[in-house]
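In what follows, a structure is listed as C-alpha cells, so that the remarks can point back to it.
Note that the structure is a prediction, hence the values are computed from the model and not measured. A, B, ... follow the sequence lines: proteins, then strands. Residue 1 opens every chain.
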Amino acid sequence: MITEVLAAALADSLRESEVEIAVSEIQMERPALREHGDWSSNVALVTAKKVGRNPRELAEELVKAIESGSVDLIERMEVAGPGFINFYLSPRWLHDVLIQVLTEGEESYARLEIGSGQSINLEFVSANPTGPLHAGGGRWGAYGDSLARIFRRCGYQTFTEYYVNDRGLQTELFGASLIARRDGTALPEDGYAGEYVAEWASEMPTNVDPVEWGRKRALTDVQKSLASMNVEFDNWASENALVESGAMEATVAELRAAGWVDERDGATWLRTSAFGDEKDRVLVKSDGEPTYFVPDISYHHEKFERGDLVIDVLGADHHGYVPRMSAALQMLGHPQESYEAIIGQNVTLIKEGQEIKLSKRTGTMVEVSELIEAVGPDVARFAYLLQSVDSRQTIDIDVLSKQGNENPVYYVQYAHARIAAVGREATSRGIERAPLTSIDVELLTQERELELLRCLSMLPEILEIAARDRAPHRVATWLRELAAAFHGFYHDCPVLRSDVESSLQQARLWLVESARVGFAIGLDLLGLAAPEQM
RNA sequence: GCGCCUGUAGCUCAGUUGGAUAGAGCGUCUGAUUACGGAUCAGAAGGUCGGGGGUUCGAAUCCCUCCAGGCGCGCCA
C-alpha cells in the first residue's frame, strides 16, 4: 500500500531529525481538498511539541530529507498550514491500484486477513415466533447479514444464529389468541390483536395443538420474509430443544458451584450486581418457575462452542438486558470482552403520512413482507443499510416506492448494469480485451479515470473500518461514491466510440472491468443483487 | 430521577483513530448528448454542526453543563 511506503519514508527522515516513531504510528490521511495533494500527514504537528521543535520547521526538514531520497512515486511535496506535509503523487500509484484490482479480482481484492484465526458467533433478529416479522425487524436482518458478510471477507470465521423463543408465555398466549379468533371468543388478556391472527386462525386445522401450529406458522413466515431479502442463518436455535436437553439445570448448577447464586425471599437470585449490573436478578421465581433469563444464559453459554466472540444484535428496547447477560457469562468463565452487544435504535415507519407504532401485540404494524412487496428487496435492504444503526431510522414506505428510479440503490445498480452493457456492446462490435500485460495503463490520465481508481483504492480500508466499527453503512456510502465516480467517468470518457484510439480503448476497457470488480464486491457485502441489466 | 442512543442544509442522512474552506441524495433553480443505456453529468442557491463553557497549534468529533427527542429501568418476556 502506498500509505505504508510514505509512512516509512517519513519515519526514516524523522529518525534523521532524531525523532523516533513507529511506522504504524504515523497517520496518513486523504486531504479533503484535492489542492492539498494525494496524501497528507500530520506527523510533524503531532511530534514537534514532544521534541521542542516548531512544527513547520520540522516539516520542512522532513520534506528535504524525503526529497533527497528515492520514493519515485512522489512528484512533489509541500508543507502547508500549521505543519501538514502534503504528498503529490504520480498517477502511477493509481495505475498500480488498477493492476492490483485486476490481478486480484473479485475473489481476492479487498479480502483481508485481520480476522484470521478468530471466530465470531453473530445472533440477530431473534423475534418471537408469534407473528410475521415487522418492518423494524427487517433492519436487524439486513444489518446482521451484511455484517456477517463483512466479517467473513475480513477473515473471521463467522457463524450466524437466530434464537427461536419457541416455548413459554408468549407462544402460549399466541396459541390462545389463535383459538379465540377461530372460535370468535374473547382474546385472552395481553393476547395478540393483529389482523394476521384472525387470518392465520382461519387456516388452522381443528385437530392440531394451536401453540405448536402457531409457532411453526409464524416461524415459517419469518423465514420466508428474511429469505426474500436475502438474509440467511447458519443456525435456527430452538429454546425448546435447549430446555429439553437439560441445559437450564446444568447452567444453574454451574452458576451455583461458582458461588454466585443466593436464595432470598423464596426465590433464587444471581448476584449480577457484583459485575456491574444495577441489581441482582431472579433465576427461579418463588413459584418455582425459572425466569426467561435462565434459558437465555444457557443459550449464550452454549454459543461459545460456536465462536470465540459472541455478538448479539439487539433493539434499543433490550439494551437494559446487556449488563445482566454480561455478568452471567463472566461468572461462567467467559471474559468480558468475549461478549458484545450491538444496540441498534428502532425503526419508525411512515405509511400514508402516518407514523405507525410497530407492535405485534396491539396489531398496528407493517410487515417486512409488505415493505418488500411495495419496493422490492434491494430497495428495502439498501434503505436499511444506508444509515448508522446508532440512530433511529425513519422509513417512509411511500417515499421509497415513489422515489423509484431516483432511489440510491438504483444509482449503484445502474452503474453495474452500464458496465455489463459496455461488455455486451463490445462483444457485438467484435472488440475484446487484450491481455492485461499488453495494456498501456499510463494512458489513463483524465481526472475522471483517476478518481475512479482513487475510489477503488479505498475499499480495503473501508472494509476494515466497517468490520471494526460494525458499520455496514460505511460500505453503502462507499458504493454510492464508487457509482458517482463511475457515472462521471462514463459520461466524460467514451470507451467504445469509434474515435477512441485503440490503445486508450483497451486501457479504458480494463478500467471498466476494475470498476465491475469493485461493484461486485461491494454489492455482495451488502447482500444486494448486481444486475446485468435493468 | 438514573442509564443507553440521537440532535449536522427545507427533508432524509454521511462525515474511522481530533486536521486545512463541514459533504451527499431528495426538493428548488439553471445548463449538458446528432457518440458505449439520460435510471446519467455539470453548476447555483441552501449551515452560528441543538445552546453554552472547557481541553488543544487545531473540535461536528474529546470533556463538563443545559435543552430537545427515542428507548429502557418487574419474582414480565
Just how far is it from atom [atom1] of [X] to atom [atom2] of [Y], taken to the nearest 0.5 Å?
{"X": "A:Ile419", "Y": "A:Tyr490", "atom1": "CD1", "atom2": "OH", "result": "10.0 Å"}
{"X": "A:Leu255", "Y": "A:Trp260", "atom1": "CG", "atom2": "CH2", "result": "10.5 Å"}
{"X": "A:Glu78", "Y": "A:Glu35", "atom1": "CD", "atom2": "CD", "result": "10.0 Å"}

OP1 or OP2 of [N] sitting under 4.0 Å from any side-chain N/O of [X]?
{"X": "A:Arg56", "N": "B:rC57", "value": "no"}
{"X": "A:Gln387", "N": "B:rC13", "value": "yes"}
{"X": "A:Ser391", "N": "B:rA14", "value": "yes"}
{"X": "A:Arg448", "N": "B:rA42", "value": "yes"}
{"X": "A:Lys285", "N": "B:rC76", "value": "yes"}
{"X": "A:Tyr384", "N": "B:rU12", "value": "no"}

If you measure from the [atom1] atom in [N] to the same atom in [M], how many Å do you get, rounded?
{"N": "B:rC5", "M": "B:rC11", "atom1": "C1'", "value": "22 Å"}
{"N": "B:rG10", "M": "B:rU48", "atom1": "P", "value": "8 Å"}
{"N": "B:rG23", "M": "B:rA42", "atom1": "P", "value": "16 Å"}
{"N": "B:rG1", "M": "B:rC57", "atom1": "C1'", "value": "42 Å"}
{"N": "B:rG37", "M": "B:rC29", "atom1": "C1'", "value": "27 Å"}
{"N": "B:rA45", "M": "B:rA9", "atom1": "C1'", "value": "11 Å"}
{"N": "B:rG19", "M": "B:rA32", "atom1": "C1'", "value": "37 Å"}
{"N": "B:rA24", "M": "B:rU8", "atom1": "C1'", "value": "13 Å"}

Result for 5'-nearest mapping on RNA chain B, choosing between A:Val422 and A:Arg30, is A:Arg30
By nearest nucleotide on RNA chain B, pick out whichever of A:Val389 and A:Phe489 is the more 5' one.
-> A:Val389
Regarding [X], tell me which of base, sugar-phosphate or nothing describes its non-hydrogen contacts under 4.0 Å with the strands shown.
{"X": "A:Glu425", "answer": "sugar-phosphate"}
{"X": "A:Gln413", "answer": "nothing"}
{"X": "A:Thr394", "answer": "sugar-phosphate"}
{"X": "A:Glu461", "answer": "base"}
{"X": "A:Arg480", "answer": "sugar-phosphate"}
{"X": "A:Asp499", "answer": "base"}
{"X": "A:His319", "answer": "base"}
{"X": "A:Leu169", "answer": "sugar-phosphate"}

Take the protein atom [atom1] of [X] and the nucleotide atom [atom2] of [N], then report the distance between them rounded to whole Å.
{"X": "A:Asp469", "N": "B:rA14", "atom1": "CG", "atom2": "P", "answer": "13 Å"}
{"X": "A:Ile350", "N": "B:rG70", "atom1": "CD1", "atom2": "C1'", "answer": "14 Å"}
{"X": "A:Ile395", "N": "B:rG70", "atom1": "CD1", "atom2": "C1'", "answer": "16 Å"}
{"X": "A:Glu289", "N": "B:rC75", "atom1": "CD", "atom2": "C1'", "answer": "12 Å"}
{"X": "A:Lys279", "N": "B:rC2", "atom1": "NZ", "atom2": "P", "answer": "16 Å"}
{"X": "A:Tyr414", "N": "B:rC36", "atom1": "OH", "atom2": "C1'", "answer": "11 Å"}
{"X": "A:Asp396", "N": "B:rC13", "atom1": "CG", "atom2": "P", "answer": "11 Å"}
{"X": "A:His487", "N": "B:rA39", "atom1": "NE2", "atom2": "C1'", "answer": "8 Å"}

For the side chain of [X], counting heavy atoms from C-beta on, which of [options] is nearest?
{"X": "A:Leu496", "options": "B:rC36, B:rC71, B:rA39", "result": "B:rC36"}
{"X": "A:Ser388", "options": "B:rC36, B:rG37, B:rA14", "result": "B:rA14"}
{"X": "A:Arg468", "options": "B:rA77, B:rU16, B:rC36", "result": "B:rU16"}
{"X": "A:Asn346", "options": "B:rG37, B:rA77, B:rC71", "result": "B:rC71"}

Above 12 or not: heavy atoms from other molecules or residues under 6.0 Å from CD of A:Glu113?
-> no
Considering residues, nucleotides and ligands other than A:Glu447, do more than 12 of their heavy atoms fall under 6.0 Å from its CD?
-> yes
Set out, line by line, the N/O atom pairs under 3.5 Å between protein and nucleotides 18-21 of chain B.
residue	atom	partner	partner atom	Å
B:rG19	N7	A:Asn42	ND2	2.8
B:rA20	N6	A:Ser40	OG	2.7
B:rA20	N6	A:Asn86	OD1	2.7
B:rA20	N1	A:Asn86	OD1	3.4
B:rA20	N1	A:Asn86	ND2	3.1

Going by the side chain to side chain contact (heavy atoms under 4.5 Å, CB included) test, name the single residue among A:Leu58, A:Val79, A:Leu10 that passes it with A:Val63.
-> A:Val79
Minimum heavy-atom separation for A:Leu386 to A:Ala476, with atom names?
-> CD1-CB, 3.8 Å
Strictly under 6.0 Å, is that where the ring centroids of A:Trp236 and A:Tyr162 end up?
-> yes
Ring centroid separation A:Tyr143 to A:His473 under 6.0 Å | no
Polar pair under 3.5 Å, donor/acceptor by atom type, side chain A:Tyr292, base B:rA77 | yes
Does A:Ser286 get its side chain close enough to the base of B:rC75, under 3.5 Å, for a donor-acceptor pair?
-> yes
Apply salt bridge (Lys or Arg N to Asp or Glu O under 4.0 Å) to the pair A:Glu172 and A:Arg167, showing each step before the final yes or no.
-> CA-CA 8 Å; A:Glu172 283 174 27; A:Arg167 63 178 277 284; over 6 Å; no
Would A:Tyr490 count as stacked on B:rC36 if the rule is ring centres under 5.5 Å and plane angle under 30°?
-> yes
Any donor-acceptor N or O pair under 3.5 Å, side chains A:Ser146, A:Arg381 = yes
Give the intermediate values and the outcome of side chain to side chain donor-acceptor pair (under 3.5 Å) for residues A:Gln170 and A:Thr130.
-> CA-CA 7 Å; A:Gln170 294 308 321; A:Thr130 54; 5.9 Å; no
Run the side chain to side chain donor-acceptor pair (under 3.5 Å) check on A:Ser17 and A:Glu61 step by step: do they pass?
-> CA-CA 8 Å; A:Ser17 299; A:Glu61 201 171 293; 2.6 Å; yes
Can you tell me which stems RNA chain B forms, taking runs of 3 or more consecutive Watson-Crick or G-U pairs with both distances under 3.5 Å?
-> B:1-7 with B:67-73, B:10-13 with B:23-26, B:28-32 with B:40-44, B:50-54 with B:62-66
